[in-house]
Amino acid sequence: MELPVLNNIAPDTSKDGCSAGSCGSTSDQMNHLPEHIREKVFNHPCYSEEAHHYFARMHVAVAPACNIQCNYCNRKYDCANESRPGVVSELHHPVQAVKKVLAVAATIPQMTVLGVAGPGDPLANPQRTFETFRMLSEQAPDIKLCVSTNGLTLPEHIDELTKYNIDHVTITINCVDPDVGAKIYPWIFWKNKRIKGREAAAILIEQQQKGLEMLVARGILVKVNSVMIPGVNDKHLEEVSKIVKAKGAFLHNVMPLISEAEHGTYYGLTGQRGPTHDELQALQDSCAGDMNMMRHCRQCRADAVGLLGEDRGSEFTMDKIEQMDINYPEAMKMRAEVHAAINEELESKRLARESKVQLVNIQGVQNKEVTRPVLMAVATKGSGVINEHFGHAGEFLIYEASPEGVRFIGHRKTTPYCEGGDTCGDGESVLDKTLKVLAGCEVVLCSKVGIEPWGPLEAAGIQPNGEHAMEPIEDAILAMYEEMRTAGKLVQKSAEQQMAA
Amino acid sequence: MAFEIIESCVNCWACEPLCPNQAIYEARPHFLINPDKCNECAGDFEESQCVSICPIEGAILNDLGLALNPPGSLTGIPPKKFAELQAAQRAA
Ligand code: SF4
Ligand code: SF4
């Protein structure tokens with residue numbers, strides 16, 4: 001965890017403390033991204049674990065063919081490491097796929113993203129994939145599309161791809177070194193030939209990197225998936241991570257190799273093991289902190305339909321869909337309402353809880369959006385978490401949140417508003433003292449705030465908040481700061497207001 | 001002079017769009033090659049296109065009935081290993 005907590009640094013000397021200090025590494029991960037991409041990343045339901053419970057996504061299997069072989073894949077089944085092992089998807093003709101998408105989207109209004117991931121490679125089936133996209137862009141413009149590809153033919157399809165409502169592209173990049181690649185990819189089909197070994201890997205790597213660069217240049221979000229194969233690319237993936245991030249991938253997601261012998265893959269049959277939980281964790285941690293964002297997505301089943309943890313796929317078999325009478329334009333209105341309501345709900349919850357240091361750094365600093373510093377008071381018994389009732393606090397810790405991060409400013413003593421016991425006898429006058437102590441603060445974070453002090457606090461311009469109980473102080477402060485930023489409360493105040501603070 | 005697709009074909013569609021003679025067609029239980037149309041890509045490509053992209057060892061045979069992608073040639077899986085797995089799965 002690298003939080004820019006600059007303890008005990010005097011307020012006016014720290015303005016540039018961060019660029020050389022501890023928060024640099026976090027902002028580095030994203031500061032190369034153009035502004036509009038950063039916005040997309042942070043406002044997108046799929047990248048937030050919480051939003052995952054509100055929005056649904058689905059996949060259609062329109063792309064059966066593949067143009068490479070991976071050692072973790074057995075083409076008799078769906079790709080084991082990109083979808084569900086050992087199962088063959090029901091293949092859809094583009095017309096059927098579109099029908100299915102419309103049926104699902106009309107029935108489950110939370111459906112926002114359609115993925116085309118296989119069972120082969122979408123871009124090895126350009127006609128089917130693009131026909132599906134073209135029809136959907138026309139008939140269901142409110143659905144975002146995403147594509148997962150091995151990248152081999154990405155450069156040649158980039159123009160076509162960018163015509164549609166593509167939300168993001170996922171490239172599976174397992175290596176940037178052909179010698180490593182030769183141990184992962186036995187062959188590729190390239191320019192009408194089957195090419196094997198190191199040469200094949202070199203071509204694949206070149207095309208993947210080129211494709212990544214082209215997508216970024218066109219402002220399309222790129223996520224990179226890597227399969228961690230112990231002894232083959234585990235050490236190497238740190239380098240992969242650095243490179244793809246430097247080129248503008250917004251996320252690098254490392255997944256564990258799945259190699260059960262019964263799947264009949266090369267790795268499965270030659271005893272190549274997958275990583276242990278600890279090995280995976282260690283690699284994910286050493287690659288970057290922002291991978292947290294995608295951890296919830298790993299188990300996404302390619303054929304599942306519906307919200308997280310439910311599968312309504314059986315409601316949407318082709319024969320049932322044929323019976324359905326779908327008025328999509330009508331459905332689209334209902335969908336828009338549902339989405340707006342969800343977004344509203346998430347706006348308060350998601351940003352407050354999930355946004356951490358990156359958000360403040362990235363959207364605040366690199367966006368060149370000037371947000372003003374805010375003082376917040378924290379009631380704590382220690383352990384670095386918010387675990388004290390407002391009324392029991394004998395002192396408050398004061399922090400300053402700003403685009404540079406969170407700084408500890410100092411302690412401020414008071415008399416506990418509720419001195420022990422259950423009765424809060426002369427609370428009123430003690431509260432007055434506390435209000436003075438908290439002057440300048442705009443938020444007070446505690447594990448609980450009673451109803452009585454709530455009004456006076458608000459009246460004094462101090463927002464009481466008990467929603468971050470037991471959370472680490474810095475996380476909670478950053479979340480609050482981000483919430484305020486989103487609510488438009490952080491635009492620079494006039495000089496006199498700052499003086500008063 | 002024509003190739004043949006046999007039952008180990010997994011109907012993946014990879015070969016179909018590549019055939020310069022439109023000799024390959026979707027069929028059940030598996031794709032087929034029209035022997036009248038297939039010229040083994042002679043004059044069109046250096047390599048027979050269906051054979052070059054097919055991921056399944058043994059799915060395409062030449063006119064002598066020999067696998068054009070013999071066992072082990074594509075996946076690198078030793079044929080013995082694969083036979084063991086198949087035997088185990090049959091037993092299960
Ligand atoms: S060998 Fe060539 S001509 Fe014959 S079926 Fe295959 S692709 Fe078509
Ligand atoms: S490429 Fe091979 S497996 Fe795929 S459809 Fe053609 S013959 Fe069948």
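The analysis underlying the following values was restricted to heavy atoms, covering all of them including side chains, and did not include hydrogens, waters or symmetry mates.
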Peer 1: Checking an interface table here. Which of residues 56-74 of chain B come within a heavy-atom distance under 4.5 Å of chain A?
Peer 2: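 Checking residues 56-74 of chain B against chain A gives B/I56, B/N69, B/S73, B/L74.
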
Peer 1: If I compare all heavy atoms of B/A14 with all of A/C66, which pair ends up nearest, and what's the gap?
Peer 2: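 Residues B/A14 and A/C66, closest heavy atoms: CB-O, 4.3 Å.
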
Peer 1: Can you pull out the residues in residues 29-48 of chain B with any heavy atom less than 4.5 Å from chain A?
Peer 2: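 Result: B/F45, B/E46, B/E47.
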
Peer 1: Around A/K235, counting heavy atoms of other residues, nucleotides and ligands shown, do more than 12 lie under 6.0 Å from its NZ?
Peer 2: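 No, not enclosed.
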
Peer 1: Give, for atom CG of A/L269 and atom NZ of B/K80, the distance between the pair rounded to the nearest 0.5 Å.
Peer 2: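 If we round to the nearest 0.5 Å, A/L269:CG and B/K80:NZ are 12.5 Å apart.
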
Peer 1: Select all residues of residues 189-201 of chain A having any heavy atom within less than 4.5 Å of some heavy atom of chain B, and report them by number, or 'none'.
Peer 2: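 When heavy atoms of chain B are the reference, residues 189-201 of chain A contributes A/F189, A/N192, A/K193, A/R194, A/K196 within the under-4.5 Å range.
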
Peer 1: Taking all non-hydrogen atoms of both residues into account, name the closest pair between A/T265 and B/I77 and its distance.
Peer 2: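 So the minimum-distance heavy-atom pair works out to C-CD1, 3.8 Å.
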
Peer 1: Count the heavy atoms of every other residue, nucleotide or ligand shown that sit under 6.0 Å from CD of A/Q127, and state whether that count exceeds 12.
Peer 2: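 No, CD of A/Q127 has 12 or fewer neighbouring heavy atoms, counting only those of other groups under 6.0 Å.
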
Peer 1: Does anything in residues 180-188 of chain A reach chain B? List residues with heavy atoms under 4.5 Å apart, or say none.
Peer 2: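 Those residues of residues 180-188 of chain A which have a heavy atom under 4.5 Å from chain B are A/P186, A/W187.
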
Peer 1: When you look at OH of A/Y266, are more than 12 heavy atoms from neighbouring residues, nucleotides or ligands closer to it than 6.0 Å?
Peer 2: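 No, the 6.0 Å shell around OH holds no more than 12 heavy atoms from other groups.
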
